[in-house]
**Student:** 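Structure provided below as structure tokens; questions to follow.
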Amino acid sequence: MTTGEKLALLRKKKGITQEALSDILNVSRQSVSRWEMDIAFPETDKLIRLSKLYECSIDYLLNEGNQKSEGNPTCTDVGACYQFIRDCGYFFLATSVDGSPRLRPFGMIYSDGSNLFIVTDKRKKVYEELTKNPQVEIASYQAGTRRWIRIDGRVEAETSSAVWEEIMALYPVLRQKYLDETGIYIVIYRLLISDVNIM
């Protein structure tokens with residue numbers, strides 16, 4: 001995860017808008033936006049204030065990767081799970097219908113700080129499978145650390161417009177790929193986690 005991605009995620013977790021943060025730090029809203037898009041970098045004094053505001057170390061903000069959570073995340077540590085998977089860049093989703101397992105690569109995942117969300121297309125087979133059996137397993141591998149994460153749980157359809165907008169902002173390609181004049185094909189699922197393992 002880049003510094004900009006971390007800054008954006010931490011700001012959203014705190015419920016602070018870019019404009020409000022710009023007022024707190026006495027910078028322009030455009031500066032905040034540029035930091036979060038990794039176009040520019042905060043000055044040292046701003047980094048210090050950001051680390052205090054977000055209750056994290058400067059080292060965590062500056063270093064790409066997942067240094068904030070060295071141990072195994074628990075079922076309630078959604079942020080650590082999300083960061084682990086984002087650092088990998090992809091994950092695998094396993095489903096099971098009529099006793100037949102299915103495994104497929106996925107790339108789009110989102111967290112609001114409390115929940116994990118995945119996105120798929122209503123026209124794809126996976127949507128039909130998740131409708132029949134919402135039990136899933138997600139797995140991802142970090143090549144650099146040679147560690148796996150495995151998350152067990154079930155999914156339920158998410159209808160929140162706030163989550164929709166956040167995902168659209170994080171993955172703008174979704175608007176091009178899954179929205180057209182005939183309909184909206186995106187379905188967002190909230191993952192209800194029952195178990196997390198890191199190996």
Side-chain angles (χ1 to χ4, degrees), residues 1-23 27-42 50 53-54 61 64-66 77-93 95 104-131 134 136 138-140 149 151 153-193:
M1 182 177 283
T2 68
T3 296
E5 288 174 326
K6 290 176 186 177
L7 290 172
L9 183 65
L10 290 167
R11 175 182 58 75
K12 290 170 187 173
K13 280 185 182 180
K14 286 283 186 181
I16 302 171
T17 65
Q18 286 186 343
E19 189 171 332
L21 182 61
S22 70
D23 290 342
V27 297
S28 69
R29 191 202 60 75
Q30 289 79 10
S31 292
V32 173
S33 177
R34 290 169 58 84
W35 297 342
E36 293 181 358
M37 293 189 301
D38 291 305
I39 295 171
F41 205 74
L50 286 164
L53 178 66
Y54 296 150
L61 291 175
E64 291 193 11
N66 186 17
D77 196 354
V78 172
C81 295
Y82 176 68
Q83 289 176 12
F84 190 104
I85 295 168
R86 288 280 294 179
D87 289 345
C88 295
Y90 67 96
F91 63 96
F92 291 94
L93 176 73
T95 60
R104 56 189 52 84
F106 265 63
M108 296 180 189
I109 192 164
Y110 169 72
S111 174
D112 63 1
S114 302
N115 302 281
L116 288 176
F117 301 91
I118 61 172
V119 180
T120 192
D121 184 333
K122 291 179 182 177
R123 300 167 293 184
K124 292 190 175 181
K125 183 87 172 156
V126 67
Y127 172 72
E128 180 184 324
E129 292 170 7
L130 292 174
T131 302
V136 297
I138 286 177
S140 198
I149 188 171
I151 304 172
R154 64 183 180 83
V155 294
E156 64 179 24
E158 175 62 40
T159 58
S160 163
S161 59
V163 170
W164 170 274
E165 289 304 321
E166 290 291 334
I167 290 174
M168 291 299 115
L170 186 61
Y171 298 109
V173 70
L174 287 173
R175 290 189 192 275
Q176 302 162 357
K177 195 170 182 181
Y178 298 114
L179 304 177
D180 66 25
E181 63 279 352
T182 60
I184 299 172
Y185 301 108
I186 296 171
V187 61
I188 299 169
Y189 286 106
R190 176 193 307 262
L191 179 61
L192 304 172
I193 299 171

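In what follows, residues are counted from 1 in the order of the sequence shown.
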**Student:** Can you name the nearest heavy-atom pair linking V119 to F106, along with the distance?
**Tutor:**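 Reported closest heavy-atom pair: O-CE2, 3.3 Å.
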
**Student:** Is the backbone N or O of I16 less than 3.5 Å from a side-chain atom of R11, with the two atoms forming a donor-acceptor pair by type?
**Tutor:**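 Side chain of R11 to backbone of I16, a donor-acceptor pair under 3.5 Å: yes, one is there.
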
**Student:** Are side-chain heavy atoms of L53 and L21 found at a separation under 4.5 Å?
**Tutor:**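 In short, these two side chains touch, coming nearer than 4.5 Å.
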
**Student:** Applying salt bridge (charged side-chain N to carboxylate O under 4.0 Å, His left out), name anything that partners R29, two or more places apart in sequence or on another chain.
**Tutor:**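 Per chain and number, R29 pairs via salt bridge (charged side-chain N to carboxylate O under 4.0 Å, His left out) with no residue.
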
**Student:** Could you pull out the closest heavy-atom pair between S140 and F84, with the gap in Å?
**Tutor:**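 Minimum heavy-atom contact is O-CE2, 4.0 Å.
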
**Student:** Looking only at non-hydrogen atoms, find the nearest pair between Y54 and L7 and report the distance.
**Tutor:**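 Residues Y54 and L7, closest heavy atoms: OH-O, 3.9 Å.
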
**Student:** Quick one: do L130 and V187 satisfy side-chain contact (heavy atoms from CB on, under 4.5 Å)? Show the steps, please.
**Tutor:** CA-CA 11 Å; L130 292 174; V187 61; over 6 Å; no

**Student:** Return the CD1 to CD1 distance between I188 and I167, rounded to the nearest 0.5 Å.
**Tutor:**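 With rounding to 0.5 Å, CD1 (I188) is 4.0 Å from CD1 (I167).
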
**Student:** Let me know which of V78, V136, I109, N115 forms a side-chain contact (heavy atoms from CB on, under 4.5 Å) with L191.
**Tutor:**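 In the set V78, V136, I109, N115, the residue that makes a side-chain contact (heavy atoms from CB on, under 4.5 Å) with L191 is V136.
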
**Student:** Can you find a pair of side-chain heavy atoms, one from K124 and one from R104, that are under 4.5 Å apart?
**Tutor:**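 Not touching, per the 4.5 Å side-chain cut-off.
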
**Student:** On a heavy-atom basis, which atom in C81 and which in I151 lie closest, and how many Å separate them?
**Tutor:**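 Looking at all heavy atoms of both residues, the shortest contact is CB-CD1, 4.0 Å.
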
**Student:** Kindly write out the residues that satisfy salt bridge (charged side-chain N to carboxylate O under 4.0 Å, His left out) with K122, not counting sequence neighbours, or none if the list is empty.
**Tutor:**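 Scan of K122 (salt bridge (charged side-chain N to carboxylate O under 4.0 Å, His left out), adjacent residues dropped) gives none.
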
**Student:** Report the distance from atom OG1 of T2 to atom CD of E36, rounding to the nearest 0.5 Å.
**Tutor:**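 Answer rounded to 0.5 Å: 10.0 Å.
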
**Student:** Are any of the side-chain heavy atoms of L9 and Y82 separated by less than 4.5 Å?
**Tutor:**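 Heavy-atom side-chain distance check passes, below 4.5 Å.
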
**Student:** For S111 versus S114, what's the shortest heavy-atom pair and its separation?
**Tutor:**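 Scanning both residues completely, I find the closest heavy atoms to be OG-N, 4.3 Å.
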
**Student:** State the CD-CG distance between E158 and D112, to the nearest 0.5 angstrom.
**Tutor:**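 Taking CD in E158 and CG in D112, the distance rounds to 8.0 Å.
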
**Student:** Any sub-3.5 Å donor-acceptor pair from Y189's side-chain atoms to L116's backbone N or O?
**Tutor:**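 Checked: no pair found.
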
**Student:** I want to check something: taking the side chain as every heavy atom from C-beta on, are M108 and V173 in contact at a cut-off of under 4.5 Å?
**Tutor:**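 Side chain of M108 against side chain of V173, heavy atoms only: contact under 4.5 Å found.
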
**Student:** Can you sort out the partners of E5 under salt bridge (charged side-chain N to carboxylate O under 4.0 Å, His left out), two or more places apart, ordered by chain and number?
**Tutor:**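 Result, salt bridge (charged side-chain N to carboxylate O under 4.0 Å, His left out) vs E5: R86.
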
**Student:** Nearest 0.5 Å, please: how far is CZ in R123 from CD1 in I186?
**Tutor:**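 The CZ atom of R123 is 9.5 Å from CD1 of I186, to the nearest 0.5 Å.
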
**Student:** From Q30 CD over to M37 CE, what is the distance, rounded to the nearest 0.5 angstrom?
**Tutor:**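 Here the interatomic distance stands at 10.0 Å.
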
**Student:** Using a 4.5 Å cut-off on heavy atoms from C-beta on, say whether the side chain of P42 contacts that of W35.
**Tutor:**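 In contact.
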
**Student:** Atom CD of residue position E19 - does it have more than 12 heavy atoms of other residues, nucleotides or ligands inside 6.0 Å?
**Tutor:**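 Open: at most 12 neighbouring heavy atoms sit under 6.0 Å from CD of E19.
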
**Student:** Write down the atom of Y171, the atom of G107, and the distance for their closest heavy-atom approach.
**Tutor:**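 For Y171 versus G107, the nearest heavy atoms are OH-O, 3.7 Å.
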
